Enquirer: 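Below you will find the structure I want to go over with you.
Counting starts at 1 for both ligands and their atoms, in listed order. Worth knowing before you read on, the calculation uses all heavy atoms, side chains too, and leaves out hydrogens, waters and symmetry mates. Keep in mind that this is a model prediction, so the values were computed, not measured.
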Amino acid sequence: MTSVQPGDKVLLSFSYCGECGPCTSGHPAYCVDWFPLNLLGVSRGPESGEVSGGDTVLQSHFMGQSSFAEYCIADEHSVVKVSPDADLELLAPLGCGVITGVGSIWNVLKPGPADVVAVYGVGGVGISGVWAAAQRTPAMVIAIDRVAARLELAREFGATHVIDASTEDVAARLAELTNGCGVDKSMDTTAHPAVGSQAFDSTAIGGTVLIVGVAQPGIKLPVEMNSLINGKTLTGVTLGDAQPPVLIQELIGHVGSGRFPIERMQRRYAFADIWQAERDMLDGSTVKPILVF
Ligand SMILES: [Zn+2]
């Protein structure tokens, strides 16, 4: 390992091989070995210091690290060195949800000044997407969710309009806001086929729907085929197509300057309060729980 030394502070993100075509062309989230390195739990080999419990070898490198513990064994590509005075608790979410949301906007949807952007679901990924979109000052940034408090928070992160899907007809409101033209750039974080389908229907001719949420295997997304003839694009992305060392450092700069109010999306919990953190996340009262060991 050459990028870090003992005592360095680091943030953690996903892993990649660093040598394949996608990795060397700046797209490590599409690494040819992404699934085995991050999800499938293949063995690191006998020299790895692999984690075990009794006779059982435990899955120890989800996202190349499995950091849901006081200590972890991390792949070097999962490690991003930060400054000695960095507040790691504050910055921890950058490695996954935040780069996913920001990268989805900056790397894929790339909204221009005339575009209407809609973000479906404003949890950690969606609220990061709202912020990233607002930085590009498009015509509108519309946040859609079922939790009123999250919609209020989305305004703080730059949403110009909000739609409460628990009380409002989302398709009708989007049509009204866009004079019937539809949304130019839609980002769906919900992984719910009915939401993705509606996002596609509410997208303008020539517009794009980006699927960001991870659904259960086998889930199908129904879309109107003739809308594709209208030049609509339906696509998806892994982790915002981000290069973690690059985007995380850039975002740390925006946190430091006060431009990115990451502290407003999070609440810290002692590890003993993990179930409270889970409840607060599920009911929407906390966007991003931070567990502190
Ligand atoms: Zn690779």
Side-chain angles (χ1 to χ4, degrees), residues 1-6 8-51 57-69 71-82 86 88 91-110 124-125 128-129 132 187-189 191 208-219 221 233-253:
M1 183 174 285
T2 55
S3 62
V4 286
Q5 298 180 342
D8 284 345
K9 280 189 173 181
V10 298
L11 296 174
L12 295 171
S13 189
F14 64 89
S15 186
Y16 48 95
C17 81
E19 295 169 359
C20 69
C23 282
T24 55
S25 62
H27 303 281
Y30 297 122
C31 174
V32 298
D33 286 330
W34 199 89
F35 276 88
L37 287 173
N38 291 281
L39 294 182
L40 299 182
V42 293
S43 171
R44 291 175 191 275
E47 306 300 322
S48 72
E50 199 139 33
V51 178
V57 174
L58 302 173
Q59 154 62 297
S60 58
H61 46 290
F62 179 72
M63 299 284 276
Q65 22 117 348
S66 281
S67 55
F68 198 29
Y71 297 92
C72 74
I73 302 167
D75 183 274
E76 184 174 12
H77 287 117
S78 288
V79 171
V80 178
K81 183 178 172 180
V82 296
L88 296 179
L91 301 175
L94 290 178
C96 186
V98 174
I99 59 170
T100 297
V102 174
S104 294
I105 297 290
W106 288 357
N107 297 332
V108 186
L109 288 176
K110 300 178 180 174
V125 173
S128 301
M187 170 177 161
D188 177 17
T189 72
T208 300
V209 178
L210 181 67
I211 301 296
V212 178
V214 180
Q216 294 284 338
I219 297 287
L221 177 59
T233 299
L234 174 63
T235 187
V237 66
T238 297
L239 285 150
D241 193 12
Q243 300 181 61
V246 177
L247 186 54
I248 287 174
Q249 295 295 359
E250 182 178 356
L251 290 169
I252 288 173

Enquirer: Applying side chain to side chain contact (heavy atoms under 4.5 Å, CB included), name anything that partners Ala191, two or more places apart in sequence or on another chain.
Expert: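 Expected list: Ala215.
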Enquirer: Which of the protein's N, O or S atoms come within less than 2.8 Å of the Zn ion (ligand 1), not counting waters?
Expert: Cys17 SG, Cys20 SG, Cys23 SG, Cys31 SG
Enquirer: Does some side-chain heavy atom of Ser104 sit less than 4.5 Å from a side-chain heavy atom of Leu109?
Expert: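 Side chain of Leu109 against side chain of Ser104, heavy atoms only: no contact under 4.5 Å found.
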Enquirer: Please name all residues satisfying side chain to side chain contact (heavy atoms under 4.5 Å, CB included) with Cys23, sequence neighbours left out, ordered by chain then number.
Expert: Tyr16, Cys17, Cys20, Pro28, Cys31
Enquirer: Considering residues at least two apart in sequence or located in another chain, which fulfil the side chain to side chain contact (heavy atoms under 4.5 Å, CB included) criterion with Ser13?
Expert: Ile99, Pro244, Ile248
Enquirer: Any sub-3.5 Å donor-acceptor pair from Ser78's side-chain atoms to Met63's backbone N or O?
Expert: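 Such a contact is found between Ser78 side chain and Met63 backbone.
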Enquirer: Would you find a donor on one side and an acceptor on the other, under 3.5 Å apart, between the side chain of Gln249 and the backbone of Lys81?
Expert: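 Checked: pair present.
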